[in-house]
Amino acid sequence: MIELRNIEKNDEALLVEYLNDESVLKYLSSRIPHPYTLEDAAWWVDKGCKKEGVVKAIEYRGAFCGIISMREQLFEHSHSGEVGYWVAREFWGRGIATIALTQFTREIFSSQNIVRLYASVFSGNVGSMKVLQKAGYKHEGTLSCSVKKRGFLF
């Protein structure tokens with residue numbers, strides 16, 4: 001039902017569609033260009049995702065529906081990795097992110113030299129907080145007003 005696979009060239013059009021949806025983009029990093037173009041998607045598929053650590057496409061019943069990734073940290077934090085994920089709005093509410101994160105976490109711990117995974121979540125992103133909790137992650141703290149995006153503090 002849920003498959004994690006490498007990102008492919010034929011994912012580009014859906015990347016553009018999904019990453020121009022304000023409800024998906026709302027809690028994602030400002031590193032993602034807005035508006036998101038076909039050129040952005042082509043760069044991401046050809047180069048960007050290969051520089052980001054471990055990046056996988058999420059497929060639900062054969063349909064590309066999101067991305068999950070782990071970025072290994074550096075220096076004294078090199079035993080840790082930050083996970084991030086998103087699922088297209090039309091696929092919300094099906095448990096896809098939770099299953100993908102649980103599966104991805106197992107894969108990272110079994111294939112990488114990582115002993116700790118963590119995620120940073122924007123305040124207000126209750127859905128993502130629930131995904132992490134259901135996948136076995138523990139809440140370690142809250143950073144008040146630590147992120148500023150599009151003029152708003154989170």
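Below, all heavy atoms of this structure are taken into account, side chains as well, without hydrogens, waters or symmetry copies.
- Rounding to the nearest 0.5 Å gives a distance of 14.5 Å between CH2 of W43 and CG of L38.
- Rounding to the nearest 0.5 Å gives a distance of 9.5 Å between CD of E39 and CD of E12.
- Not one N or O on the side chain of N20 forms a donor-acceptor pair closer than 3.5 Å with the backbone of P35.
- Put simply, the residue from V87, I99, I96 that forms a side-chain contact (heavy atoms from CB on, under 4.5 Å) with Y60 is I96.
- Applying the side chain to side chain contact (heavy atoms under 4.5 Å, CB included) rule to S23 yields the partners D21, R89, W92; only residues at least two apart in sequence or on another chain are considered.
- Exactly one residue among I7, L14, N10 makes a side-chain contact (heavy atoms from CB on, under 4.5 Å) with F64. That residue is L14.
- Put simply, the side chain of V54 reaches to within 4.5 Å of the side chain of Q112, judged on heavy atoms.
- Cluster annotation: Y118 is not connected to V131 through the hydrophobic network of ILVMFWY side chains, with a link wherever side-chain heavy atoms come within less than 4.5 Å.
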Inset, instruction - Give the C-alpha distance, both sets of side-chain angles, the deciding distance and a yes or no for side chain to side chain donor-acceptor pair (under 3.5 Å) between E82 and H77. - result: CA-CA 10 Å; E82 182 175 16; H77 300 283; over 6 Å; no
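- For E59, the side chain to side chain contact (heavy atoms under 4.5 Å, CB included) test picks out E3, R5, with sequence neighbours left out.
- Heavy-atom contacts from other residues, nucleotides or ligands closer than 6.0 Å to CG of N113 number 12 or fewer.
- Put simply, the residue from I2, I58, I68, I108 that forms a side-chain contact (heavy atoms from CB on, under 4.5 Å) with Q103 is I2.
- Here the CZ atom belonging to R71 is positioned 14.0 Å from the CG atom belonging to L117, to the nearest 0.5 angstrom.
- Applying the salt bridge (Lys or Arg N to Asp or Glu O under 4.0 Å) rule to pairs touching residues 111-128 yields R116-E140, sequence neighbours excluded.
- Separating the CG atom in L4 from the CZ atom in R106 is a distance of 9.5 Å, to the nearest 0.5 Å.
- Side-chain contact check for I67 versus Y85: every heavy-atom pair is 4.5 Å or farther apart.
- You'll find the side chain of V45 stays beyond 4.5 Å of the side chain of E8, heavy atoms only.
- Across all non-hydrogen atoms, the minimal contact from H139 to T142 is NE2-OG1, 3.3 Å.
- Annotation for K130: atom NZ does not count as buried by contact number, only 12 or fewer foreign heavy atoms lying within 6.0 Å.
- In this structure, the side chain of S128 does not engage the main chain of N125 through any donor-acceptor pair within 3.5 Å.
- The two residues L28 and V24 make their nearest non-hydrogen contact at CG-O, 3.4 Å.
- E90 has its side chain within reach of E17: a pair of non-hydrogen atoms, C-beta onward, lies under 4.5 Å apart.
- Ring-plane geometry between F91 and Y18 is classed as perpendicular, the angle between the planes exceeding 60 degrees on a 0 to 90 degree scale with a lower cut at 30.
- Contact of the V83 side chain with the Y137 side chain is registered, since non-hydrogen atoms from C-beta on lie closer than 4.5 Å.
- Pairing each heavy atom of S69 with each of V55, the nearest pair is CB-CG2, 3.9 Å.
- V16 and A41 get closest at one heavy-atom pair: CG2-CB, 3.9 Å.
- Side-chain contact between S78 and Q73: absent, with no pair of heavy atoms (C-beta onward) separated by less than 4.5 Å.
- In this structure, CD1 in I114 is found 4.0 Å from CD in E72, a value given to the nearest 0.5 Å.
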